[in-house]
Amino acid sequence: MSDEEVIRRRLLIDGDGMGDDRRLNIMLKSFIKWANLSEADPVLQEKLLSQLAVCEFTQKKSGLVSKMSEEELKNYEEMSKQIEVEIEEAKKNIETTKVELQEAKQVRKNRIEYDVLAKVINEQPDRQQTNIKLASLQKELETLKEKSQHLEQKLEMRRKQFHVLISSIHSLQAMLDESDEEIMDVSLEDVKMSPKVTI
């Protein structure tokens with residue numbers, strides 16, 4: 001058995017390191033010595049009782065420490081369970097907060113889009129003004145259509161007049177051509193009928 005093993009065993013037997021093992025050995029030796037005495041030694045008896053009281057105190061103390069350790073262990077287990085419950089609740093709260101955060105982001109995005117649309121809508125004229133402008137434009141369009149029809153009629157009338165004028169010009173030209181031929185015929189006859197002039 002190594003020195004380390006011996007020291008470890010003595011520490012285990014010694015308890016809290018207060019010399020319990022040594023104390024028990026001394027008490028055992030004192031008890032054997034007291035038992036072997038032929039007559040009672042009050043000093044040794046007091047010493048034995050004192051050592052016995054110290055051992056009982058140490059045993060009670062160890063029992064109390066052990067009980068306290070068990071209670072602390074139970075407390076730690078309860079605290080551990082409570083911490084686990086709180087951790088689970090914290091996880092649920094985190095998940096809920098994540099969902100709420102996503103909803104808040106969506107609401108914010110919707111508000112931004114709403115503000116942009118509201119700005120665009122506010123820049124446009126309202127329906128009443130648009131209807132008034134539309135009515136005005138339709139009236140103007142009707143006026144322009146009427147003017148266009150009037151101009152078309154006028155153009156058509158000018159075409160007809162121009163056609164009549166061209167026809168008249170052709171007729172006059174034909175008449176002039178005929179009158180020129182007659183004049184030519186008459187002048188030729190005059191030339192034929194006039195006496196020859198001699199010099």
Side-chain angles (χ1 to χ4, degrees), residues 1-138 140-141:
M1 186 180 289
S2 67
D3 291 342
E4 245 179 67
E5 187 68 25
V6 170
I7 291 170
R8 193 166 65 80
R9 281 192 178 183
R10 286 184 80 79
L11 285 173
L12 284 173
I13 293 169
D14 190 26
D16 291 333
M18 300 292 203
D20 293 340
D21 182 37
R22 186 170 167 274
R23 199 176 289 122
L24 287 172
N25 286 336
I26 291 171
M27 188 178 134
L28 182 62
K29 286 178 184 176
S30 297
F31 180 73
I32 291 170
K33 190 177 178 184
W34 177 74
N36 289 333
L37 286 177
S38 55
E39 56 184 67
D41 184 3
V43 175
L44 187 60
Q45 189 176 355
E46 283 295 322
K47 191 176 178 184
L48 258 173
L49 288 173
S50 171
Q51 288 175 346
L52 184 62
V54 168
C55 288
E56 285 177 354
F57 173 76
T58 303
Q59 190 265 339
K60 283 181 183 178
K61 181 182 169 187
S62 296
L64 289 171
V65 167
S66 174
K67 188 177 178 182
M68 186 187 72
S69 296
E70 287 175 5
E71 287 177 0
E72 284 298 313
L73 185 61
K74 286 178 185 176
N75 286 339
Y76 288 144
E77 286 174 358
E78 287 175 7
M79 285 174 65
S80 174
K81 288 176 183 176
Q82 188 176 356
I83 289 169
E84 285 177 8
V85 169
E86 288 175 0
I87 288 171
E88 288 299 319
E89 287 177 1
K91 284 181 181 177
K92 288 177 184 175
N93 288 338
I94 289 169
E95 291 299 319
T96 307
T97 307
K98 281 183 181 178
V99 171
E100 288 174 357
L101 179 64
Q102 289 298 325
E103 289 175 358
K105 283 182 180 177
Q106 187 64 39
V107 167
R108 184 172 179 219
K109 182 181 172 188
N110 290 344
R111 282 185 182 164
I112 291 170
E113 288 177 2
Y114 169 79
D115 289 341
V116 170
L117 285 173
K119 189 176 179 183
V120 170
I121 288 168
N122 286 335
E123 288 173 359
Q124 303 301 321
D126 63 356
R127 183 173 289 186
Q128 188 176 4
Q129 290 176 347
T130 306
N131 287 338
I132 290 169
K133 193 171 182 181
L134 183 63
S136 172
L137 288 173
Q138 285 176 345
E140 189 178 343
L141 183 64

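Within the 3.5 Å criterion, the main-chain N or O of T58 finds a donor-acceptor partner in the side chain of S62. A donor-acceptor pair under 3.5 Å is absent between the side-chain atoms of S136 and the main chain of I132, judged by distance alone. Side-chain atoms of T97 come within 3.5 Å of backbone atoms of N93 as a donor-acceptor pair (strictly under, hydrogens ignored). Checked by atom type and distance alone, the side chain of T96 pairs as donor or acceptor with a backbone atom of K92 at under 3.5 Å.
Using a 4.5 Å heavy-atom threshold, the side chains of K133 and Q129 count as separate. Annotation: side chain of E88 is not in contact with side chain of E84 (no heavy-atom distance under 4.5 Å).
Taken from CG in N75 to OG in S80, the straight-line distance is 12.0 Å, to the nearest 0.5 Å. Note that the CD atom of Q138 and the CG atom of L141 stand 8.0 Å from one another [nearest 0.5 Å]. Note that the OG atom of S66 and the CD atom of E71 stand 10.0 Å from one another [nearest 0.5 Å]. T130 contributes atom OG1, which lies 8.5 Å from atom CG of L134 (distance to the nearest 0.5 angstrom). Atom CG of residue N110 and atom NZ of residue K105 lie 14.0 Å apart, to the nearest 0.5 angstrom. Separation of atoms CD (E70) and NZ (K67) is listed at 9.0 Å; rounding is to 0.5 Å.
More than 12 heavy atoms of other shown residues, nucleotides or ligands fall within 6.0 angstrom of atom CD in E113.
Screening E103, E95, Q102 against V99 for a side-chain contact (heavy atoms from CB on, under 4.5 Å) leaves a single residue, E103.
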Using the side chain to side chain contact (heavy atoms under 4.5 Å, CB included) rule, take E78 and Q82 through it: C-alpha gap first, then chi angles, then the decisive distance, then the call.
-> CA-CA 6 Å; E78 287 175 7; Q82 188 176 356; over 6 Å; no

